[in-house]
Amino acid sequence: MAVIKSRALVLEKPGKDPLVREIDVLDPGPGEVRVRMAASGVCGTDGHAVEGTHPLRGLPVVLGHEGAGVVESVGAGVTALREGDHVVCALAVPCGVCRQCARGLAAHCNSPKRAQAIAGLAADGTTRMRRDGEPAHPFFGVGTLSQYTTVRQEQAVRIDSDLPLDEFCLTGCGVITGVGAALNIGQVQPGDTVVVIGCGGVGANVIQASRIAGASRIVAVDTLPEKLDLARRFGATDTVDARGDVPAAIRAIEPDGADIVFEVVGNPSLTASALTLARVGGKCVMVGIPPVGATLSLDAFALVGNRQLLGCRGGAVVPARDLERIVRFYRAGHLRLGELVGRRLALEDVGKAFAELGSSSFARSVVVF
Ligand SMILES: [Zn+2]
Ligand SMILES: [Zn+2]
């Protein structure tokens with residue numbers, strides 16, 4: 001093993017454009033693996049890091065947090081993985097033993113080890129990436145917009161080698177979050193009417209997981225006609241232009257209101273109105289992440305109607321469990337990943353993907369290494 005030179009997308013400072021730079025990726029330490037990335041998605045949260053609306057725990061940052069690749073080398077004591085294994089790099093590293101994990105809240109695992117991993121630090125408190133000799137921090141502890149990355153073995157979930165890495169890279173964040181929101185948090189039931197507000201990469205997966213769970217009506221709401229077309233391809237039965245009278249459109253479809261409304265934008269005023277689209281006793285799931293410090297003003301009587309407003313950190317995902325389920329859905333032809341990839345591009349062209357985040361007509365841009 002030796003230090004590997006890697007081209008990577010490096011953010012020096014929020015507010016400045018990230019640049020493709022050469023970095024050093026150090027050898028995997030005990031319990032770590034080095035992964036040669038095959039593909040990485042570009043997610044809205046990467047864009048938030050660039051804009052400065054996502055808190056960062058150390059600069060510079062190597063961006064990217066949903067990727068798939070091949071294990072290049074393994075550190076001492078690695079038991080779960082071998083060189084050559086195909087893996088998805090997952091951002092949550094639940095410890096499995098803390099109080100939150102024991103309660104089934106793996107996405108809220110509060111072990112110091114996980115906090116350290118998310119800050120991009122290895123167990124010894126240092127990072128495995130260097131830019132000009134200085135420590136660089138892999139975003140969410142994975143930094144997938146890099147030809148190589150070194151992660152804890154728990155952050156690399158093995159998948160079968162016949163699965164396409166340029167599609168499965170998306171399961172690291174957008175897919176697993178959307179599927180988790182529908183199945184783990186919303187718990188869509190057969191026959192349910194579901195409303196999905198915001199039909200990008202995550203929303204499309206809320207839609208397809210709701211379809212898999214047996215929802216009878218899936219109403220997609222978005223401002224962009226192209227995203228509504230996309231929503232139909234993933235299983236939406238009805239579409240509503242968000243610029244029109246959304247409550248009237250939902251009432252026309254389901255007079256009592258929806259069983260579950262998913263707000264996938266992360267806009268508090270939208271969340272408040274989404275709650276009122278749910279039927280008495282129904283649920284509203286806030287899937288989108290609001291800006292830090294945002295407050296929510298609600299029609300209090302919406303809650304008197306026994307409606308539930310549910311938070312949803314990362315779809316309450318347990319990577320090993322939920323990825324296995326995603327693989328099974330994919331193999332059965334129920335979950336479509338290829339259609340989520342709107343464009344494949346080289347790392348050098350990644351600026352285009354950032355410029356179009358949120359406004360493009362397709363779900364995701366994927367960088368292929
Ligand atoms: Zn993401
Ligand atoms: Zn834990």
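When a ligand or atom number is given, it counts from 1 through the structure's own listing order.
Listing protein N, O or S atoms at distances below 2.8 Å from the Zn ion (ligand 1), with waters left out, gives Cys43 SG, His65 NE2, Cys173 SG.
Taking each heavy atom of Val3 and Leu26 in turn, the nearest pair found is CG2-CD2, 3.9 Å.
Residues Arg364 and Cys43 have side chains in contact (heavy-atom distance under 4.5 Å, counting atoms from C-beta outward). Between Leu63 and Phe354 the shortest side-chain heavy-atom distance falls below 4.5 Å. Put simply, the side chain of Val175 reaches to within 4.5 Å of the side chain of Leu335, judged on heavy atoms.
Side chains of Arg152 and Thr150: a donor-acceptor N/O pair is absent below 3.5 angstrom, by distance only.
Of all protein atoms, those of element N, O or S that lie under 2.8 Å from the Zn ion (ligand 2) number 4.
Between Arg131 and Asp24 there is no salt bridge, since no side-chain N of the basic residue sits under 4.0 Å from a carboxylate O of the acidic one.
Judged by distance alone, the side chain of Thr127 and the main-chain N or O of Ala136 form a donor-acceptor pair under 3.5 Å.
Between Arg279 and the options Asp256, Asp259, Thr193, a side chain to side chain donor-acceptor pair (under 3.5 Å) holds for only Asp259.
The line from OG1 of Thr149 to CD of Gln155 is 8.0 Å long, rounded to the nearest 0.5 Å.
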